[in-house]
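Report on the following structure.
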Amino acid sequence: MALERTFSIIKPDATARNITGHINAMIEDSGLCIVAQKRIHMSEEQARGFYAVHADRPFYNDLVAFMTSGPVVVQVLEGENAIMAYRTVMGATDPEQADAGTIRKVHAENIERNSVHGSDASETAVSEIKFFFSDDEIVG
Ligand code: ATP
Ligand code: MG
């Protein structure tokens, strides 16, 4: 097992409902540490770039509109096997498929407005962290 970092976003559906603290509590209860976080309003350019991998998917334009519709909280999480550990805490993309007790089961509104993002692999974690944070903003 290795100490790892992953990138997280608390999405606009969650900031709109004022539940970022509750989501952070679920993250911390799982053993992950929040080693950087900031509340930002994603620009359209940032959202398009961040989700470029989904550019050909039918939901891409709606997803960009959603992610720029209000503030988000971008975070760096650290812990043992943080990437997979956080995906377990988040639950499945579609909250109807998510396990009981996961962030998405408890809080997500639907498959798009699903409250959180987490990196899916070590390479994407590194590039997503770099996309939003400089090294001196991360205090482990
Ligand atoms: P994320 O990348 O946000 O952590 P994920 O890896 O579980 O979520 P992806 O397949 O990477 O899911 O999709 C990225 C995001 O696009 C989803 O979290 C969701 O907000 C949105 N999305 C995915 N599938 C759909 C869909 N079928 N309809 C609408 N929105 C979708
Ligand atoms: Mg994904």
Side-chain angles (χ1 to χ4, degrees):
M1 298 256 269
L3 197 63
E4 223 174 36
R5 284 177 176 170
T6 192
F7 177 72
S8 163
I9 305 175
I10 302 180
K11 296 184 179 183
D13 66 284
T15 59
R17 286 176 287 149
N18 205 24
I19 55 172
T20 62
H22 196 267
I23 290 173
N24 276 350
M26 293 176 83
I27 290 169
E28 292 181 339
D29 284 349
S30 79
L32 291 164
C33 288
I34 302 163
V35 295
Q37 71 176 343
K38 56 190 173 188
R39 184 171 166 108
I40 63 166
H41 198 130
M42 234 187 248
S43 66
E44 181 170 340
E45 189 186 358
Q46 280 177 314
R48 288 197 176 279
F50 184 75
Y51 281 119
V53 65
H54 295 310
D56 295 334
R57 308 284 282 276
F59 58 79
Y60 177 66
N61 285 333
D62 281 350
L63 178 60
V64 169
F66 164 55
M67 292 300 290
T68 57
S69 67
V72 299
V73 179
V74 290
Q75 307 177 304
V76 181
L77 310 181
E78 188 175 85
E80 291 292 326
N81 282 323
I83 295 164
M84 284 308 130
Y86 187 44
R87 288 189 72 87
T88 302
V89 175
M90 290 196 302
T93 311
D94 180 354
E96 289 187 13
Q97 311 292 325
D99 289 340
T102 60
I103 294 171
R104 284 166 167 169
K105 189 64 171 189
V106 173
H107 289 300
E109 295 181 332
N110 55 49
I111 194 171
E112 177 186 78
R113 302 172 65 84
N114 61 1
S115 303
V116 282
H117 160 84
S119 307
D120 57 12
S122 51
E123 309 78 52
T124 45
V126 168
S127 66
E128 290 175 0
I129 290 168
K130 278 219 178 87
F131 199 90
F132 287 102
F133 288 97
S134 58
D135 284 345
D136 64 357
E137 290 178 299
I138 303 168
V139 182

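Whatever order the structure lists them in is the order used to number ligands and atoms, beginning at 1. What you see is a predicted model; the values in this text were computed from it and never measured.
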Geometric class of the Phe59/His54 ring pair [parallel <30°, tilted 30-60°, perpendicular >60°]: tilted
Within-4.5 Å side-chain heavy-atom neighbours: Gln37 and Val76: no
Check: His41 side chain, Thr68 main-chain N or O, donor-acceptor pair, under 3.5 Å: yes
Heavy-atom nearest neighbour in the protein, as seen from atom 5 (P) of ligand 1, with distance rounded to 0.1 Å: Thr93 OG1, 3.5 Å
Residue Gly118 vicinity, atoms of ligand 1 by number, heavy atom under 4.0 Å: 4 (O)
Minimum heavy-atom distance Ile10-Thr15, with the two atoms named: O-CG2, 4.3 Å
Nitrogen or oxygen atoms of Asn114 and ligand 1 under 3.5 Å apart: yes
Nearest protein heavy atom with distance in Å, relative to atom 1 (P) of ligand 1: His117 ND1, 3.0 Å
Contact atoms of ligand 1, heavy-atom distance to Tyr51 under 4.0 Å: 3 (O), 14 (C)
Minimum-distance protein heavy atom relative to atom 22 (N) of ligand 1: Phe59 CE1, 3.6 Å
Distance flag, aromatic centroids of Phe132 and Phe7, threshold under 6.0 Å: yes
Exceeds 12 heavy-atom contacts within 6.0 angstrom, atom CG of Asp99: no
N-O pairing of Glu109 and Arg17 below 4.0 Å: yes
Contact with ligand 1 for His54, non-hydrogen, under 4.0 angstrom: yes
contact_flag Phe66 ligand 1 heavy-atom lt 4.0 Å: no
Nearest protein heavy atom with distance in Å, relative to atom 3 (O) of ligand 1: Lys11 NZ, 3.0 Å
Contact check, Ile111 vs ligand 1, heavy-atom distance below 4.0 Å: yes
Proximal candidate to atom 8 (O) of ligand 1 [heavy atom criterion; set Arg87, Arg57, Arg104, Glu112]: Arg104
Test of proximity, Met90 against ligand 1: N or O pairs below 3.5 Å: no
Lys38 atom NZ: more than 12 heavy-atom contacts under 6.0 Å: yes
Partner of Arg5 by side chain to side chain contact (heavy atoms under 4.5 Å, CB included), out of Ile138, Ile83, Val126: Ile138
Heavy-atom nearest neighbour of atom 16 (O) of ligand 1 within options Ile9, Leu63, Val116, Asp62: Leu63
